[in-house]
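These notes concern the structure reproduced below.
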Amino acid sequence: MNKQPLLTPYNKNINLKNRVVMAPMTRSRAANEGKVPTNDLHGLYYEQRASAGLIITEGSQVSERAVGYINTPGIHTDAQVEGWKQVTKRVHDKGGTIFIQLWHVGRMSHPDFHNGELPLSASAINPNAQSYTPEGFKDTVAPKEMTIEDIKTTVDDFKQAAANAVKAGFDGVEIHSSNGYLFHQFFNGTSNKRTDEYGGSKENKARFFFEVLDAMKEVIPQEKIGARFNPSLNGVFGMTMDEDTIPTFEYIIKKLNDYNLAYVHLSEPFTDVSEIPYAVTEIAKHFRPLYNGTLMINTAFDQEKGNKIIEEGNADLVAFGKPFISNPDLVERFENNLELADWDNDTFYTPGAKGYTDYPKASK
């Protein structure tokens, strides 16, 4: 019997036992003062899912200035590095491969996280969204437009976070340049009104991202770096597309052919963009011809759709999010064509083991 495409190994810069990737998902379980990942929660959670070809961790902030959600683990202190060491060891002991997602939320934050200081962004434009603070949801504010010095500091923060990830035993890192967070705020003309070398043209809007990538590859091989993008994001996370949005992402993806990355991770649209004339409705199909390297795709894939997109050649790897929450043995369920367990939305972001490490494996 022919093996499902999802379950075949993948070896191009990144050696994976299958093409089923655990997508990065915020779970808010670092409920301690130092925002440190813990062995009993994070360690067990990721170990349970180590049969994935690749695990990408939840977004982990590269500095205190990068925080925008409660109880998210960081990768910028010694204690956080030590915490992640326990996680990577447990995954490796089970034969798994794990990357950490490096994160800065930019304006998708709140002064409550920054001792009253404004969050940072490309321009001082309020995303008109909400931030989940220690006191519950609060409306976002107009952020501080980053100075050149702020940008340089943030480049250094990502470089140090990549070095810390190596120390913590990760197999690689993913730059979270997606979903309305800091890099995306620079890419998008509706959130970036700068008139200096970081605004205006496609090249300028992408400059900050490439400065970070170039700095990071000084401390980690570029074939251990992935990057995530959401080109047709519209109407959520404070993002509004304009006519230059897709051309900017086309420029970025084509330029990444000059690098030797582990992968480029793309998301299909989160919302219906079929009425927007300059949006792309089929992301993998559109960007596959533009990129020569490994292409990962996500958003609302199931087993059948995942196998199909690989078979058609529009992606090499498929990232699954919510199915991995409630099915720690997702790969084995795919192998045996077993029914998937449902996830519980109410426990996605609550502290503790419930809805995190207590989902059972399928009984055969």
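This is a predicted model, so every value here is computed, not measured.
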Strictly by modelled atom types, are Thr294 and Tyr10 linked by a side-chain donor-acceptor pair under 3.5 Å? yes
Does one side chain, of Glu211 or Tyr198, offer a donor that lies under 3.5 Å from an acceptor on the other? yes
Between the side chains of [Y] and [X], is the shortest nitrogen-to-carboxylate-oxygen separation below 4.0 Å, so that they form an ion pair?
X: Glu64; Y: Lys35; result: yes
X: Asp316; Y: Arg288; result: yes
X: Lys308; Y: Glu311; result: no
X: Asp93; Y: Lys89; result: yes
X: Arg65; Y: Asp157; result: no

Within a strict 4.5 Å, meaning less than it, do heavy atoms of the [X] and [Y] side chains meet?
X: Phe113; Y: Ile70; value: yes
X: Phe270; Y: Ser232; value: no
X: Arg27; Y: Leu41; value: no
X: Pro231; Y: His286; value: no
X: Leu338; Y: Leu340; value: no
X: Ile297; Y: Glu268; value: yes
X: Asn13; Y: Leu261; value: no
X: Pro328; Y: Lys361; value: yes

Measuring centre to centre across the rings, with the benzene-like ring taken for any Trp, is Phe209 within less than 6.0 Å of Phe186?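 Centroid distance Phe209-Phe186: not below 6.0 Å, so no.
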side-chain hydrogen bond (donor to acceptor under 3.5 Å, both in side chains) between Glu174 and Tyr263, intermediate numbers included: CA-CA 9 Å; Glu174 177 179 283; Tyr263 58 80; 2.7 Å; yes
Measure across Lys224 and Phe99 and return the closest heavy-atom pair with its distance rounded to 0.1 Å.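 Of all heavy-atom pairs spanning Lys224 and Phe99, the closest is O-CE2, 3.6 Å.
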For the pair [X] and [Y], name the ring-plane relationship: parallel under 30°, tilted 30 to 60°, perpendicular over 60°.
X: Phe187; Y: His184; value: tilted
X: Trp84; Y: Tyr46; value: tilted
X: Trp103; Y: His176; value: parallel

Criterion ring-ring contact (aromatic ring centres under 6.0 Å, His included) on Tyr181 and Phe237, from CA distance to verdict: CA-CA 8 Å; Tyr181 297 123; Phe237 294 111; 5.7 Å; yes
Testing Phe229, Phe210, Phe158 for ring pair (Phe, Tyr, Trp, His ring centres under 6.0 Å) with Phe183, which one passes? Phe158
